[in-house]
Asker: 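Quick one: the structure is below, questions incoming.
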Amino acid sequence: MKASNKNAPRIWLTLSLLLTGAALTGAALAGPGNNSLVVGTSQEPPNIYDPWATNNLAIASEINGYMGASLVSKDNNGDLYADIAISVPTLANGGYKLTKNAKGDVTSNSVTYTIRKDAKWSDGTPITVKDFQFWLRVEQDERVPVPSRDPWDKAKISVVDGDTFTITYDPPYLFADQVSPPVAPSVSMASAWNAFDTATAKLDPKTSAKAINDGWVKFIAGFTTSRNLPKVVAGPFRPTAWRAGNSLTMVRNANYWRTPKGGSDKYVQSVQYRFIPNTNTLKVNVLSGQLDALSAVGLTFDQGIDLQRSERSKYKTYFVPSATWEHIDINGFSGVQKVKDLDLDDRRVRQALLYSIDRAALTKALFQSKQQVSNTFVNPISKVYKKDAKDYGFDPAKAKALFAAAGWTPGSDGVLTKGGKKFALNFTTTAGNTTRERVQQILQAQWKSVGVQVNIQNYPSSVVFAQDFIGGGSNGKWDMLMYAWTADPSLEKGNLFTSSQIPTAANGYSGQNEPGWKNAEYDALWTQAGSEFDLAQRVKLFDRMQSLWAEDVPSLPLYFRVNVYTKVPTLANYTFSAYTLYPSWNAYQIGWTAKGAAEIDVQK
Amino acid sequence: MATYTFRRILQMLPLLLLISLIIYALTALQPGDPVDQLTLGNSQITPADIARLKAAYGLDQPIYLRYFYWLVQALHGDFGWSRSFSAPAALYVFQERLPNTLLLTVPALLIALLIAVPLGIYSAMRQYSLPDYVLTFFSFVAFSTPVFWLGPMVLWLFAIWLPQVTGGAVSLPPGGLGSPDLDPATAGFWAVLGDKLKYLALPLSVLALREIAVILRFMRANMLEVLNLDYVRTARAKGLPVSKVVYKHALRNAVIPIITLLSLAIPGLFGGAIITETVFSWPGMGRAIFEGLVNKDFNVVLASLTFISLLTLIFSLLADLAYAAVDPRIRYD
Amino acid sequence: MTALPALPVKPVVSRSAGAVALRRFRRHRLAMFFLIVIVLLIVMAVSAPLISPYDPNAQDLSGFYEPPSAQHLFGKDDLGRDILSRIIWGSRISLLVGFSVATLSILIGTVMGTLAGFFGGRSDYLISRFIELMLSLPTLPLLLVISGLLAASDSPAVMAFKAALGAGSSIVIVVAVLSLFGWMGTARLVRSEALKLRNLEYMDAARALGARNPRLMLRHMVPNLLPVIIVQATLDVGGAILTEAALSFLGFGIQPPVSTWGNMLSNAQEVVLQYPWIPFFPGLMILITVLAFNFLGDGMRDALDPRSKL
């Protein structure tokens with residue numbers, strides 16, 4: 001007994017010495033030293049380089065940027081540039097064609113691309129029209145669980161000659177010149193695809209959907225996972241190692257065709273992603289210099305502000321406007337008793353709710369005004385954005401007047417009342433999202449001062465984004481719901497607020513018009529805009545659509561979010577915008593100035 | 001004893017079935033399904049797309065049929081595909097997550113036992129002495145410290161502050177499973193071990209600290225009780241040396257609570273420590289279940305929960321058998 | 001704590017068990033000290049509206065994360081609210097959750113454990129299997145699962161419950177769920193102790209003297225189980241406060257803007273490295289409170305042990 005109780009502290013001491021001792025060695029290898037790039041992110045993708053994006057996450061899109069190449073792509077300004085194609089097809093150069101009927105309506109459109117002679121897969125085989133045809137054939141295959149086939153379900157590829165092909169959309173696709181068909185390595189995938197094809201050919205897609213899906217999963221997992229890395233890729237980097245839960249390494253692809261200024265050897269030779277799910281740990285990694293840069297999928301705004309404060313010239317923090325619109329949907333389903341009671345289906349009440357919050361003060365206090373207050377659902381950088389949409393500046397007097405007009409007057413406790421009912425409603429957002437919960441509490445306090453009693457009722461994001469919750473406005477699942485939509489600003493169609501998108505039991509609560517807003521004129525304009533190929537005309541239609549929307553405010557617009565990332569100052573061409581979304585868009589030019597990389601693209 | 005064991009194993013089967021039913025029901029009745037994850041925020045999705053995807057993931061079937069299919073498959077060892085990890089769920093949980101978790105929880109428990117059991121006994125024997133007060137105080141403080149407060153604090157201390165003041169001489173990695181620069185396939189055994197220890201040091205210490213506190217308290221309380229039992233007091237009164245009394249009488253009785261403790265610790269052993277795993281970015285079972293729920297990757301949740309339950313049942317049976325083995329007064333009839 | 005009212009105070013006899021226990025308890029200085037701490041904590045919780053220097057929900061949009069100062073002793077939080085005031089108000093919820101959960105889970109656990117250990121046989125079998133079932137379900141993930149179910153529930157009962165309690169519903173849910181998953185430890189310990197006691201000679205003797213089961217259980221079994229129960233109860237109060245914090249950490253706790261030490265600590269997670277005072281004070285309060293309950297339990301264990309010297 002004596003012996004053991006003496007030993008115990010010694011064991012502890014020995015152990016702690018051992019542990020600290022082990023810690024004395026080893027420092028991180030990051031930075032320009034070996035011309036590599038180490039990027040930290042809080043998410044790990046389930047798979048990479050799935051050409052059909054059957055299981056997509058933001059982080060996968062970012063990483064795919066290093067390994068992928070497309071015919072044409074967008075740069076930070078939203079302008080197209082050619083990558084696999086030799087040039088950008090436009091109406092002016094005849095690459096993009098509209099077919100019109102006698103009335104002048106566009107009946108179909110087509111884009112013709114010519115593949116560069118030196119465009120090769122990473123194994124040296126040339127990229128051919130067959131690879132695009134293969135991609136489209138699989139995309140259109142009923143057995144493949146692609147979330148949405150729009151616009152590829154109406155596309156057809158026809159070969160012009162060896163390197164040139166035309167893709168035709170019939171009915172026409174509004175943004176045919178803005179996107180280009182993706183590509184898949186047909187040679188590399190051929191035998192596995194044929195195996196899937198024959199194994200499932202006889203299965204009835206109605207009754208054997210799950211068996212078919214299992215077959216698909218087996219096929220695609222052979223090319224996209226940590227156990228089975230993509231065999232060939234097209235982009236400037238190719239994957240070499242993926243240690244699940246830890247890191248993914250890519251090295252420069254010698255067969256990639258575009259060369260950065262001064263030669264590839266002056267630019268980053270390998271890129272390593274480190275998956276660090278805990279954002280605090282991620283932050284510590286930045287502070288201790290173990291990471292050269294952060295992914296666009298990394299930090300929250302608050303953490304970015306904190307990192308900015310401790311920069312000490314070791315790294316720099318950037319705040320980049322994103323395509324993510326933060327807003328509060330107001331339940332507008334008149335069939336819900338509470339909506340009727342509180343007159344939430346009355347535009348005046350919604351306007352009053354918007355007038356009573358000081359969004360400018362909120363974004364100033366929380367986001368140093370880096371996130372601009374928005375007045376409509378359209379991204380300010382979009383060409384169809386209405387600059388002079390109705391601006392609901394903070395105006396409590398107007399708010400009170402509007403409430404009064406709808407019959408709501410302050411009771412003895414200051415809370416608005418009407419016919420004995422108090423104006424009290426629930427305010428829901430994703431629990432655990434600190435930024436949202438702070439915004440929520442500021443708004444709650446602001447509403448309180450005009451007599452609106454807001455109860456916070458948050459749920460984990462898995463609950464909030466469940467189809468029957470977020471789409472359950474008609475069942476009274478929520479009164480006010482704060483969340484965000486992300487949309488490519490150059491592909492704005494105004495889909496969010498057409499009445500055809502109202503979630504109902506009949507459509508399984510899918511559809512994204514969550515507040516249930518219904519406006520006949522908006523619907524008509526939306527239909528018209530959907531087939532309006534003249535941008536100037538579309539701008540006019542959207543102007544009116546946004547006026548209607550801003551007058552009715554089915555949702556309270558808050559702001560467009562910014563993404564935060566950090567990078568070491570000498571890392572060049574690691575940039576992105578709301579168009580490119582991820583710094584990997586320009587992967588082939590990322591490099592260290594100390595190694596001779598030329599800084600061509602500066603982060604705005 | 002043999003018949004008892006056999007009977008218990010037989011009784012385990014319906015229990016396991018019941019557990020699987022509860023687990024499946026709770027998971028499948030969750031609001032939302034994997035298709036939400038695929039369609040979220042995509043404004044092109046049509047109701048037809050959703051119906052098609054639901055069929056592809058087998059979600060168009062009624063829940064009792066889904067449970068039945070799942071059970072049949074599970075009995076064949078097939079727990080389905082993990083969408084968020086792109087691997088068979090069972091294989092993934094067994095090969096990636098369970099080893100990570102055991103690497104963290106087993107050493108933590110062993111270290112805690114090695115340290116806390118003797119200290120607990122010592123503390124009890126010297127009740128109200130200075131070491132007893134110090135140990136008691138320590139264990140209370142350790143027990144009362146929230147892991148997600150202590151975690152970031154030690155992270156800051158060892159990953160930021162100490163490297164700064166020592167010029168990088170003392171530095172621990174701020175979380176993770178191992179150095180990304182080190183490839184276990186090519187690096188030598190000692191290099192890998194050293195690297196692992198470095199990454200394990202903080203989460204292991206935080207986890208062990210808490211367990212030391214719990215076990216120490218528990219051990220001390222039970223030992224005190226045993227020391228006060230009449231026959232032990234009689235033995236002491238007879239003039240037997242303290243150490244002999246402790247060895248012959250007290251210690252034996254104190255083993256029972258240790259077994260209880262162990263059987264209580266076992267679910268945590270396999271289930272992992274979600275919070276510690278979260279703070280230190282340690283991809284173990286706890287996080288697998290948590291992430292599975294968040295990402296609606298139900299196959300991983302089901303596979304993990306089933307393994308944990310099965311292993312827990314097996315070990316609690318072993319604990320019961322161990323009771324009988326060490327304490328002849330417990331009769332299983 | 002839960003054991004306090006159970007003190008068998010008999011004023012007639014001068015050296016009653018209660019008086020002896022009280023005398024022994026007073027000798028335990030740390031326990032005495034922390035008893036005073038707990039009394040102070042309770043006083044603080046009860047008189048929160050009187051002693052709180054500021055409105056705990058009053059925001060200051062220009063004063064986020066202010067360090068401690070003469071006006072704001074503990075500094076300001078992520079919305080410029082006075083941390084001291086939030087701690088004072090938060091003590092109400094944290095203590096309420098701690099006490100309620102400990103009481104409920106000890107109650108359930110003791111009943112279950114005693115029934116199993118005392119009667120053995122079929123009841124032991126059923127209860128033991130039930131405990132095994134509960135123990136083999138991992139707590140935290142299931143708490144999340146249950147929260148999800150409650151959130152999405154359309155059932156009129158759940159809707160009515162939420163409407164009736166408003167902001168309080170999340171507290172009741174947290175208490176219920178924590179108790180539901182908190183009693184098995186006690187039950188197991190009590191069961192194994194009871195199993196041991198059942199076979200001890202004095203029980204046989206009592207039985208031989210004609211004592212019946214209820215008497216045996218209450219008179220001979222339960223007092224002997226008290227040390228175990230008390231140790232467990234003290235751990236439970238702190239444990240419940242800690243678990244409430246953990247739930248907040250995982251996104252299922254008590255709804256803002258109501259402050260609990262747990263959610264104050266969790267909300268500070270992302271800034272712990274920059275503004276250490278923000279998590280420091282609620283963390284310290286949790287630490288002190290849990291410490292206090294543990295020492296109190298320790299003192300009571302010594303005082304109440306029927307087998308220690310009189």
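Each chain gets a letter, A, B and so on, in the order its sequence line appears, and its residues count up from 1. What's counted below: heavy atoms across the whole structure, side chains too, no hydrogens, waters or symmetry copies.
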Asker: Between the side chain of S86(B) and the main-chain N/O of P46(A), is any donor-acceptor distance below 3.5 Å?
Answerer: yes
Asker: Using the side chain to side chain donor-acceptor pair (under 3.5 Å) criterion, which residues pair with S500(A)? Sequence neighbours excluded.
Answerer: T498(A)
Asker: Determine the minimum heavy-atom distance between L53(B) and V146(A), stating which atoms define it.
Answerer: CD2-O, 4.2 Å
Asker: Shortest non-hydrogen contact from A209(A) to A55(B)?
Answerer: CB-O, 3.3 Å
Asker: Would you say R227(A) and L91(B) make side-chain contact, with heavy atoms under 4.5 Å?
Answerer: yes
Asker: Given heavy-atom pairs under 4.5 angstrom as the criterion, report whether the side chain, backbone, both or neither of V144(A) touches chain B.
Answerer: backbone
Asker: For chain A, find which of R52(B), R97(B), E96(B) contributes the most heavy-atom pairs closer than 4.5 angstrom.
Answerer: R52(B)
Asker: Just wondering, do W81(B) and D214(A) contact through their side chains at under 4.5 Å, heavy atoms?
Answerer: no
Asker: Hey, which of S123(B), P283(B), A87(B), S84(B) has the most heavy atom pairs under 4.5 Å with chain A?
Answerer: S84(B)
Asker: Could you check if a side-chain atom of I50(B) sits within less than 4.5 angstrom of a side-chain atom of Q467(A), using non-hydrogen atoms only?
Answerer: yes
Asker: Quick one: what part of F85(B) sits under 4.5 Å from any heavy atom of chain A, side chain, backbone, both or neither?
Answerer: backbone
Asker: Any salt bridge linking R287(B) with E44(A)? Criterion: basic side-chain nitrogen under 4.0 Å from a carboxylate oxygen.
Answerer: no
